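Below is one structure, written out as structure tokens; comments come after it.
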Amino acid sequence: MNIVKPAAAAPLLSPELIARFRAIVGDKYAVTDAADIAPYLTEERDLFHGRSPLVLRPGSTAEVSAICKFSSEHKIALVPQGGNTGLVGGQTPHGEVVVSMRRLDKIREIDAASNTMTCEAGVVLQVAQQKAASVDRLFPLSLAAEGSCTIGGNLSTNAGGTAALAYGAAREMALGLEVVLADGRILNLLSKLKKDNTGYDLHNLFIGAEGTLGFITAATLKLFPKPRAIETAFVGLKSPARALKLLTLSQGIAAGSLTSFELLADVAVDFSVRHGIDVRNPMASRHPWYVLMELSSSYDDARAALESILAQGLEDGILDDAVIAANLSQRQAFWKLRDEMSAAQKPEGGSIKHDISVPVAAVPDFIAEADAAVVKLIPGARPVPFGHLGDGNIHYNVSQPVGGNAADFLARWHEVNAVVFEIVMRMGGSISAEHGIGVLKRNELPEVKDKVAIELMRGIKAMLDPLGIMNPGKVL
């Protein structure tokens, strides 16, 4: 694969500069040994291989501030990193100093009455979920990587996940932020307020910015009432068009209780079953397409609503079969099948990934057109679409032909991107729905983004990071 390289990296650090950094965080938290640095240099897909002379592990916002102030004075480039689960190379260093946020792992406050929780950037998403549950609240952001990804990384990439249909992406869950700017100043925008019209909404600048404008060190997050009833179904049907009809039916009956609606191609389910551990298809027979749907309610009426949806869907000929999870174990098994889909593609060889969104109504046409275009470009290629039909976000992945050469297939990454992105843009969509831009899509961004928007983005970057030291070479 021909990955675009970021801007030129900063020169190697002198022992004197390393010693100054070491004085900020302490000897134990300034990592210079190559073996210890290695885990910070690669990511899950193994597409990006970085290099760094130093990893800093600050334990407070004050230490992050001191790092940024010193780096600004000496023009030393920095890359922030959370759980290192990003999928577009935004967290990979190319000579810069890595600033790992994992030690900023305190939950500063939970205010159940205000339905807010203030977390530091290094809090693992699953820990935040559990802490909310301990006070009978829900923090609804949910991702396959929730056991290792962090709140700071979630916000920096504006993560979406399986509950965005009902609760929105990470941006909608953040009331305020604490951010360290390039020169070391601390911007305190932490707030529990749901209404605040005192000028520009600055905190949203940093959500989705991937650390290129400043480093998020803490956030005040929205909490929600904890559902009393959760019901989950796995549905077999003939096409994405039928799935769209089922979505419309479900929203009409369940309204806001419909919290997840995942569309899964049979090939994606087959990969999970064949390559996952303790994963099986809950249906008695295979179907061309599946939907994994979930209803959550504060009352004990979710089961009745789900049964009504499925009964109506069968009567109308929308779906062919369905299974409702009988207990928590079965519900977890349904979701494990979904969560294993990305990893299960690896044993099938090279996989070209797309994280796109189109208007919900356009999803069936997008999949049909993209399938035809990809197979025409590379005969034998295997489209593996799955994702969040409820919000129009499809992970349109393409696996190599059976028996093909992975390197040769991946070398055509940008060719495949071109045909897929052309369809996406023609349908009024986005080339990045929830994974960010990073390095992977940096060169495509100016081609698909409004020109004035790109100019404004560059202007904001120049104002907040005039020396270009904050995660250089990413996004822009």
Side-chain angles (χ1 to χ4, degrees), residues 133 136-138 140-142 160-168 172 224-266 268-269 280-339 341 359-364 367 385-394:
D136 203 33
R137 294 293 184 271
L138 172 73
L141 186 63
S142 182
T162 57
L165 165 64
Y167 298 101
E172 282 71 47
F224 297 83
K226 190 176 180 181
R228 301 302 175 205
I230 299 176
E231 297 290 344
T232 311
F234 200 81
V235 180
L237 30 68
K238 289 185 173 62
S239 68
R242 297 277 181 93
L244 183 59
K245 289 182 178 179
L246 181 61
L247 173 64
T248 302
L249 174 66
S250 301
Q251 290 174 321
I253 293 176
S257 297
L258 182 67
T259 47
S260 296
F261 199 94
E262 300 289 292
L263 177 66
L264 318 171
D266 177 59
V269 171
R280 68 179 187 87
N281 187 336
M283 309 298 293
S285 59
R286 290 176 65 170
H287 299 265
W289 291 87
Y290 302 89
V291 163
L292 174 56
M293 59 184 295
E294 194 158 88
L295 273 62
S296 304
S297 175
S298 297
Y299 304 96
D300 294 328
D301 58 353
R303 181 69 173 225
L306 181 57
E307 289 176 347
S308 178
I309 290 166
L310 298 179
Q312 189 66 51
L314 282 167
E315 183 178 332
D316 294 347
I318 295 172
L319 59 95
D320 298 320
D321 199 3
V323 178
I324 298 177
N327 50 47
L328 177 59
S329 178
Q330 287 188 5
R331 175 180 176 246
Q332 290 172 336
F334 289 3
W335 280 107
K336 185 174 183 183
L337 185 153
R338 163 65 179 88
D339 291 342
M341 285 185 174
V360 173
V363 169
I367 291 174
F386 63 94
H388 321 302
L389 177 60
D391 54 43
N393 174 199
I394 299 298

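Along the sequence shown, residues carry numbers from 1. Not measured: the values here are computed from a predicted model. Values reported hereafter were calculated over all heavy atoms of this structure, with side chains retained and with hydrogens, waters and symmetry mates removed.
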To check you understand the geometry: which heavy-atom pair defines the closest contact between G392 and V363, and what is its length? CA-CG2, 4.0 Å
Using the ring-ring contact (aromatic ring centres under 6.0 Å, His included) rule, collect all pairs that involve residues 310-331, keeping only residues at least two apart or in two chains. none
For L295, what residues pass the side chain to side chain contact (heavy atoms under 4.5 Å, CB included) criterion, not counting sequence neighbours? A254, L258, M293, A302, A305, L306, I309
Assess whether side chain to side chain contact (heavy atoms under 4.5 Å, CB included) is satisfied between T232 and I324, documenting all intermediate values. CA-CA 6 Å; T232 311; I324 298 177; over 6 Å; no
Measuring only between side-chain heavy atoms, which start at C-beta, is R338 closer than 4.5 Å to F386? yes
For the residue pair Y167 and E172, what are the closest heavy atoms and their distance? O-CB, 3.8 Å
Go through it in stages, so that I can follow the logic: the residues are D321 and V235, the test is side chain to side chain contact (heavy atoms under 4.5 Å, CB included), and I'd like the CA-CA distance, side-chain angles, deciding distance and then a yes or no. CA-CA 6 Å; D321 199 3; V235 180; over 6 Å; no
Under the side chain to side chain donor-acceptor pair (under 3.5 Å) test, residues paired with T259 that sit two or more places apart: S296
Heavy-atom nearest pair, A322 first then L319, reads CB-CD1, 4.4 Å
So, using side chain to side chain donor-acceptor pair (under 3.5 Å) as the criterion, who are the partners of D136 when residues are at least two apart? R228
Ignoring hydrogens, what is the shortest heavy-atom contact between S308 and I253? Give both atom names and the distance. OG-CD1, 3.9 Å
Can you list every side chain to side chain donor-acceptor pair (under 3.5 Å) pair that touches residues 238-247, not counting sequence neighbours? K238-D320
Take E262 and T162 through the side chain to side chain contact (heavy atoms under 4.5 Å, CB included) test and state the conclusion after the steps. CA-CA 7 Å; E262 300 289 292; T162 57; 4.1 Å; yes
Can you sort out the partners of R331 under salt bridge (charged side-chain N to carboxylate O under 4.0 Å, His left out), two or more places apart, ordered by chain and number? E294
By the ring-ring contact (aromatic ring centres under 6.0 Å, His included) test, which pairs, at least two apart or in different chains, include something from residues 226-254? F234-Y290, F234-F334
Any donor-acceptor N/O pair, S250 side chain to L246 backbone, under 3.5 Å: yes
Quick one: does E315's side chain have a donor or acceptor within less than 3.5 Å of a partner on A311's backbone? no
Point-to-point distance, once rounded to the nearest 0.5 Å, from CG of L263 to CD1 of I367: 5.0 Å
Using side chain to side chain donor-acceptor pair (under 3.5 Å) as the criterion, list what pairs up with D316, not counting sequence neighbours. Q312
Heavy-atom closest pair (D301 atom, S297 atom, distance to 0.1 Å) is OD1-OG, 2.7 Å
So L264 and V291, do their side chains get closer than 4.5 Å, heavy atoms only? no
Under the rule for side chain to side chain contact (heavy atoms under 4.5 Å, CB included), what residues qualify as partners of A265, not counting sequence neighbours? V267, W289, P385
Could you pull out the closest heavy-atom pair between P227 and L138, with the gap in Å? CD-CD2, 4.0 Å
Pairwise ring-ring contact (aromatic ring centres under 6.0 Å, His included) hits with a residue in residues 306-331, at least two apart: none
Test side chain to side chain donor-acceptor pair (under 3.5 Å) applied to R286 - qualifying residues, sequence neighbours left out: D266
Measure the shortest side-chain to side-chain distance between S260 and L165 over non-hydrogen atoms and say whether it is less than 4.5 angstrom. no
Checking R303 now: which residues fulfil salt bridge (charged side-chain N to carboxylate O under 4.0 Å, His left out) with it, not counting sequence neighbours? E231, E307
Test side chain to side chain contact (heavy atoms under 4.5 Å, CB included) on W335 and L292; report intermediate values, then the result. CA-CA 8 Å; W335 280 107; L292 174 56; 3.5 Å; yes
